[in-house]
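Working notes for the structure below.
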Amino acid sequence: MTLSLDAVQPGKVGRVKDITGGMGVRLRLEQMGIHPGDVIHVKRKGVLRGPILIEMNGVEVALGRGIASRILVEV
Amino acid sequence: MKIALVGQPNCGKSTIFNHIASYKAVTSNFPGTTVSFTESKVSIYGDLCICVDLPGTYSLVSRDLAEITARNYLISEEVDAIVNVVDASILERGLELTIQLLELKKPLILCLNMIDEARRKGIFIDKEKLSEILGIPVVETVAVKGEGMNELFREIRRTYKEKLVGKVPQYGPTIEKAIKQLTEEIKLNGIREPYVSKRFLALRILEEDPYFLKKFPVDGLIKLKEKISETIKKESGQRPPLAISSERHAMSLNIFEDVAEVKTPKPDFRDRLDDVLMHPIWGYVFLLLIMYGFFQIVFKFGGYLEGPLIDVFNNLINQLKSSYGSQTLLTKLVEGVIQGFSGGIAIVLPYLVPFLLGLSLLEDLGYLPRIAYLTDAFMHKIGLHGKSVIPFILGYGCNVPAVMATRILETKRERIISATLSVLVPCSARSTIIFGLIAFYVGPTAALGIYVLNIFVIAVAGRIMSKLMPEEAPGLMLEVPAYRLPSLKVLLLKTWFRLREFIYVAWPILIVGSMVLSLIEYAHWDILINNLLYPLTYVLSLPKQVGVTLIFGILRKELSLIMLMQALGTPHLNQVLTHLQMMTFTIFVVFYIPCAATIGVLWKEIGRKWTLFSIGFTTGLALVLALLVKYIWILAASL
Ligand SMILES: Nc1nc2c(ncn2[C@@H]2O[C@H](COP(=O)(O)OP(=O)(O)O)[C@@H](O)[C@H]2O)c(=O)[nH]1
């Protein structure tokens, strides 16, 4: 099943299928270590639509919901 | 001889820098107006070196201000050797930057830092093999313990003596062909960059680096690039910037798999820590407790030192007056200078030093990104991101470092909004007025009310500003590094580097301001000023003599209360001011023009236009709020 990252429940793991949206954001995410094909672990979600904390390849990154909604993952 | 330190954020770069800087430091440079990074002169095996700590950067293709500064430094200056610091525990990501640095063809050395962390994660790296693949020296370090530093110095020296530039990485045939075509075109058009190769330029053009596209608006080149882009897109399904980024990622992964052995990691108690500190409820409880404790310590410590230190300087001034007469111009000027010094030593430093030290501690422990995570949702409401909370916290200590801290924000928009808003935060000097006047005479609830009003006003102002300046940043993207134990030496050095900015930028302004005040007193211009400001004091229903203290407040806010007593001729302010007058005065002083020192750094950080805006905005805001409070108070009293 394909979901956008902000819809994935904390504790779940998924594989990045695609990153939609502007090239700037995509490049930035790749530079921080998030690439299509990577396995992402959603660790926690902030209250009041706060950021999502994910972990991949040993790196933890906090992403705002706006950005997280552009990352499509296969769970 | 110039050495530049480059690395991704949180790789331990500033820890390494501080080791180098304290290693036979010859002199330390001061942060000037043009450079926004730290420099230090050191002697490495007898060679005089200037070592530069560039801002952390994920990549050489970037759009973020700090990263562009770092990249442009690397390509525009005669850097003789580059030290690439990499967090060994996430080597595969770090190598992507290393590959880009190899393209620069400058003497390069790879510093595998955080080897202890990597081992804990079960990652073991064959550094000889890595060195052979990249063609450059590889050194393992644990910077926080100083391990491997001597080898690093030795290898830095060898790298520039032997000009070890490494092997230029090769991309797939499609990209290589594109690079070749573009290189030819660059040659044909006679385009050059003094310190970088044509291949590097071709790659940047292909990656659509905005800086280079703007710098070389050559028709032929752009057309060729567009044509090549189309071909690459057809072949790989991606535009060149993404295609190249993917290839680089694949290259790093290959290298990583060649040189690293991954075993099962050791269990780590730190994983549990975030279950509490980033918890939806406990996270906020601990945030409040930590902040409360932090400010308690800062204000206790500062308050403890302030009194005795002020006494020392006051005695000095009294002695001066009794030996040379209190009304001569010279005495007045010297008094001004002494007061300027004492303001820094007795009033600012006792608070600023523990504050900066505590902040460096929170930063190096890795707690600041957690604060950004926790507050992001709230900062969003005022159009900012979690990272902007840091300047605001700093503002309660002193607005000067608060404005400086806006550098950590990515976009100009966020920097401008955060800087403009953070000068509204009541610094410790303004807090003395809130405590000394309001809490003391009117009551603690009224004082608390002012702080609440302040936060509310900042939130509303933030909302309005962010509506007026539509968003260009997409949202929070922040790496949350593992908790780490910092070393005391590095903490002290970091604090010192930050303090230095206050000492060299703000303090001179403070001293000059004090001298101006002395002159005003000497020449009896206070009457003139009071007359000039009469319209203001009149609408605020304040005694006319208060006018001059408002001018004093611009130059030195921490003196406002003392000046008020002087101007009104009594320390018992409740005999000459009503509670309402105290409220309007305090509200006005809390919100109006930032002090001269803050204006100085604002100017440096966000430019003239926005500084002038900030001055006008805060003054207007202060007036409106003071009047509002006045009329509401009168209304409430008549009910
Ligand atoms: N365990 C470990 N921690 C380190 C090492 N080097 C630096 N640190 C810590 O990592 C944190 C971040 O380091 P810093 O130099 O500020 O990183 P920067 O963001 O790259 O400048 C600090 O708490 C350092 O004490 C290392 O080799 N091992």
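In what follows, chains are A, B, ... by sequence order, proteins preceding strands, each numbered from 1. Side chains are part of it too, since the values below use all heavy atoms of this structure and drop only hydrogens, waters and symmetry mates.
In this structure, the separation between CD on A:Q31 and CZ on B:R93 is 10.0 Å, given to the nearest 0.5 Å. In this structure, B:L476 CG and A:R65 CZ are separated by 12.0 Å, a value rounded to the nearest 0.5 Å. Of the inter-residue distances, the one linking B:R370 atom CZ with A:E60 atom CD reads 6.5 Å to the nearest 0.5 angstrom.
Between chain A and the residues B:L242, B:N10, B:T375, the most heavy-atom pairs under 4.5 angstrom are made by B:L242.
For the pair A:K43 and B:D274, the minimum side-chain heavy-atom distance is 4.5 Å or more. Taking 4.5 Å as the limit, every side-chain heavy atom of A:E30 sits out of range of all side-chain heavy atoms of B:E96. In this structure the side chain of A:L27 never reaches within 4.5 angstrom of the side chain of B:E207, judged on heavy atoms. At least one side-chain heavy atom of B:H249 sits under 4.5 Å from a side-chain heavy atom of A:D38. B:H380 places none of its side-chain heavy atoms less than 4.5 Å from the side chain of A:L48.
When heavy atoms are compared at a cutoff of 4.5 Å, B:E479 approaches chain A by way of both its backbone and its side chain. With a 4.5 angstrom heavy-atom cutoff, B:S89 does not touch chain A via any of its atoms. In this structure, chain A has no heavy atom under 4.5 Å from any part of B:E117. For chain A, the nearby part of B:R239 is the side chain; its heavy atoms alone come within less than 4.5 Å. For a residue to count as touching a neighbouring chain, one of its non-hydrogen atoms must lie under 4.5 Å from one of that chain's; by this rule B:D275 touches chain A with backbone and side chain alike. When heavy atoms are compared at a cutoff of 4.5 Å, B:D87 does not approach chain A at all.
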- Query: Which is it for B:E92 and A:N57 under the side-chain contact (heavy atoms from CB on, under 4.5 Å) test, yes or no, and what are the steps along the way?
  - Reply: CA-CA 9 Å; B:E92 74 245 67; A:N57 311 322; 3.8 Å; yes

- Task: Run the numbers on A:R26 and B:Q238 for side-chain contact (heavy atoms from CB on, under 4.5 Å), then give the verdict.
- Result: CA-CA 12 Å; A:R26 251 192 100 158; B:Q238 283 177 321; 3.5 Å; yes

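The shortest non-hydrogen separation linking A:L53 to B:M278 is CD2-CE, 3.9 Å. Heavy-atom minimum distance, A:R28 versus B:M477: CG-SD, 3.5 Å. Contact between B:A377 and A:G50 at its shortest, heavy atoms only, is CB-CA, 3.8 Å.
B:Y373 contributes a side-chain N or O that, together with a main-chain N or O of A:G46, makes up a donor-acceptor pair within less than 3.5 Å.
In this structure, B:R270 places its CZ atom where more than 12 heavy-atom neighbours from other residues, nucleotides or ligands lie under 6.0 Å away. Shown here is B:L288, whose CG atom has more than 12 heavy atoms of other residues, nucleotides or ligands within 6.0 Å. Within 6.0 Å of OH in B:Y367 there are more than 12 heavy atoms belonging to other residues, nucleotides or ligands.
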